[in-house]
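Per chain, numbering begins at 1; letters A, B, ... match sequence-line order.
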Protein chains: 2
Amino acid sequence: MFDALHHLVAQFVTLSDREKSILESAFVFKQVPRKFPLVKHGQIANELYFINKGMLRLFYENDGDEITAYLFRENLFASSYDSFLRQAPSIQSLETLEETDLLVITHQKMNELYETLPKFNILTRKIAEQRFINAQQILSSFLLDSPEARYAKFVEQNGDLLLRVPHHIIASYLGMTPVSMSRIRNRLAQQKR
Amino acid sequence: MFDALHHLVAQFVTLSDREKSILESAFVFKQVPRKFPLVKHGQIANELYFINKGMLRLFYENDGDEITAYLFRENLFASSYDSFLRQAPSIQSLETLEETDLLVITHQKMNELYETLPKFNILTRKIAEQRFINAQQILSSFLLDSPEARYAKFVEQNGDLLLRVPHHIIASYLGMTPVSMSRIRNRLAQQKR
DNA sequence: TCCTTCCATTAACAATTGTAAAGAAATGAG
DNA sequence: CTCATTTCTTTACAATTGTTAATGGAAGGA
């Protein structure tokens, strides 16, 4: 149950068995069905999730339609980070895309961990740094690439998601409409012939 | 000389006088002229900068032309972060826009600080978290706003930079061409009449 | 101060994207 | 298994952006 979590943590810090069990005891297992809302826009996110199985989507609600901010898959930490970190009302919503198995830690438990497990500061620092680098890579794709190139890169890196996530959700993640993405798919498919 | 730095640090952690002097001793003051290259694309960034006065721009070099990744102003830490954090060759370049006064800390000195000043982990974690939230806000503007709205927001938040930074540098930061930004400026100016 | 380089705007045209709507196919809940 | 809902694609048109080029003006180095 905690294998994937320990495997991720081990990439950043080395923990003793004792420290591992302190870490484990801070999390609670939770299985949630498809389309289950974990954070609603306007609420304060007070949980952080580690995904054992399934997928989450973080999205904005923009007068009626939903714009994907990020897609979380297995073995990632997920949350509405801005809300969770600042403990302020979330401008994003978080929902499952599939039936999902989560390890849940509350904001309060995390603060306790900073005390009982000093290495936790290093761990979260490195994870925050990595998230920043990731955000910067996505941003760079908006600055440097055409929508067509951005879609092509997405397929290269996350091609499997095309079969797992509705296309209009991917389209909004790539900053385009489903119509435009369909045209791009058409163009790229014809180039390959 | 260290006033602005201490002021920023105080927003995240409380340091004793002794800790403050440890922090100070890790930095070196450096004044650099306009258009001075601090990190060249391909190099490994091994310095982090705190800006006392002046401005830096972080940019990509895309077959000949330069695309702004970020604009750093006074009282901010600046670096080619991906390169600095991973100690890998930088895909970005970092340059001064004006004559600039910097406090410089090396990657090695930073690792020493993590040992001699444990609170430094907390400080850098919180700064990394803040940078992530900032990156996410910028990204959300690409997902949610039209180029016109993105320009309008920029003016609202950083209007003074229009007089301080060449427009084509701002345009590429906003993900558009200088021509398109000029048209948008024209449109918005006419709406106000 | 002079001169070269850089910079912002405008114009015209091509290409791409957004919007709205409709139909066919796939999917999930009961 | 069936039916309502969701999802993907296509079409036509409007709007916006990119591209290239030219001009006038500003700015900075010698």
Side-chain angles (χ1 to χ4, degrees), chain A residues 32-36 54-55 57 59 62-68 71 95-100 141-152 154-155 159 161-191, chain B residues 32-36 54-55 57 59 61-68 71 95-100 141-152 154-155 159 161-191 193:
Chain A
V32 285
R34 196 179 120 84
K35 294 204 178 182
F36 185 85
M55 284 196 70
R57 79 185 236 262
F59 61 99
N62 213 19
D63 31 75
D65 52 27
E66 303 179 338
I67 309 289
T68 309
L71 296 169
E95 216 177 87
T96 52
L97 283 166
E98 312 169 346
E99 184 181 86
T100 299
S141 190
F142 279 88
L143 294 173
L144 301 175
D145 300 332
S146 65
E148 189 166 317
R150 202 153 60 247
Y151 173 81
F154 177 85
V155 174
L161 296 192
L162 286 174
L163 301 170
R164 215 172 148 186
V165 178
H167 287 188
H168 68 273
I169 286 177
I170 293 174
S172 73
Y173 173 66
L174 296 173
M176 59 183 84
T177 61
V179 177
S180 187
M181 184 168 125
S182 177
R183 281 188 287 231
I184 287 170
R185 283 162 57 76
N186 200 327
R187 249 182 275 157
L188 293 178
Q190 290 196 340
Q191 280 177 25
Chain B
V32 286
R34 197 179 120 84
K35 293 203 179 185
F36 185 85
M55 284 197 70
R57 80 186 235 262
F59 61 100
E61 297 176 61
N62 213 20
D63 32 75
D65 52 27
E66 302 178 340
I67 309 289
T68 309
L71 296 169
E95 217 177 85
T96 53
L97 283 165
E98 312 169 345
E99 183 180 86
T100 299
S141 191
F142 279 88
L143 293 174
L144 301 176
D145 301 332
S146 65
E148 190 168 314
R150 200 154 62 247
Y151 174 80
F154 178 85
V155 173
L161 296 192
L162 285 173
L163 301 170
R164 216 173 149 187
V165 178
H167 286 189
H168 68 275
I169 286 176
I170 294 174
S172 72
Y173 173 66
L174 296 174
M176 59 183 84
T177 61
V179 177
S180 187
M181 182 167 126
S182 177
R183 282 188 286 228
I184 286 170
R185 283 163 58 76
N186 200 325
R187 250 182 277 156
L188 292 178
Q190 291 195 341
Q191 280 176 24
R193 283 174 210 157

Exercise for the section: Begin from the C-alpha positions of Thr100(A) and Phe36(A) and carry the test side chain to side chain contact (heavy atoms under 4.5 Å, CB included) through to its verdict. Expected result: CA-CA 9 Å; Thr100(A) 299; Phe36(A) 185 85; over 6 Å; no
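One atom, NZ of Lys35(B), and another, C1' of dT5(C), lie 9 Å apart when rounded to the nearest Å. If you measure from atom CD of Glu99(B) to atom P of dG28(D), you get 13 Å, rounded to the nearest angstrom. In this entry the distance linking CG of Leu163(B) with P of dC7(C) reads 16 Å, nearest Å. Remark: P of dG18(D) and CG of Leu144(A) are 14 Å apart, rounded to the nearest angstrom. Computed from coordinates, the Arg164(A) CZ to dT7(D) C1' distance equals 18 Å when rounded to whole Å. dC6(C) atom P lies 15 Å from atom CG of Asp65(B), rounded to whole Å. Between Leu97(B) atom CG and dC7(C) atom C1' the separation is 14 Å, expressed in whole Å. Atoms CG (Asp145(A)) and P (dG18(D)) sit 14 Å apart, rounded to a whole Å.
Interatomic distance, CZ of Phe154(B) versus CG of Leu71(B), reported as 6.0 Å (0.5 Å rounding). Between the CD1 atom of Ile67(B) and the CZ atom of Arg57(B) there is a distance of 10.0 Å, given to the nearest 0.5 Å.
Partners of Glu98(A) by salt bridge (charged side-chain N to carboxylate O under 4.0 Å, His left out), not counting sequence neighbours, listed by chain and number: Arg164(A). Residues that satisfy the ring-ring contact (aromatic ring centres under 6.0 Å, His included) test with Tyr151(B), not counting sequence neighbours, are absent from this structure. Applying the side chain to side chain contact (heavy atoms under 4.5 Å, CB included) criterion to Ser182(A), with sequence neighbours excluded, gives no partner residue. Residues meeting the side chain to side chain contact (heavy atoms under 4.5 Å, CB included) test with Ala152(A), sequence neighbours left out: Leu188(A).
End-to-end axis angle of the helix from dT1(C)-dA30(D) to dG30(C)-dC1(D), from C1' rotation axes over five pairs per end: 70° (rounded to 10 degrees).
When the side-chain nitrogen and oxygen atoms of His167(B) are compared with OP1 and OP2 of dT9(C), one or more of them lie within a distance under 4.0 Å. The side chain of Asn186(B) contributes an N or O atom lying less than 4.0 Å from OP1 or OP2 of dT10(C).
Checking side-chain atoms of Ser172(A) against main-chain N and O of Thr68(A) turns up a donor-acceptor pair under 3.5 Å. Checking side-chain atoms of Thr96(B) against main-chain N and O of Pro33(B) turns up a donor-acceptor pair under 3.5 Å.
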Practice task
Going 5' to 3' through nucleotides 17-27 of chain C, assign each nucleotide B (protein heavy atom under 4.0 Å from a base atom), S (under 4.0 Å only from sugar-phosphate atoms) or - (no protein heavy atom that close).
Solution key: BBBB-------
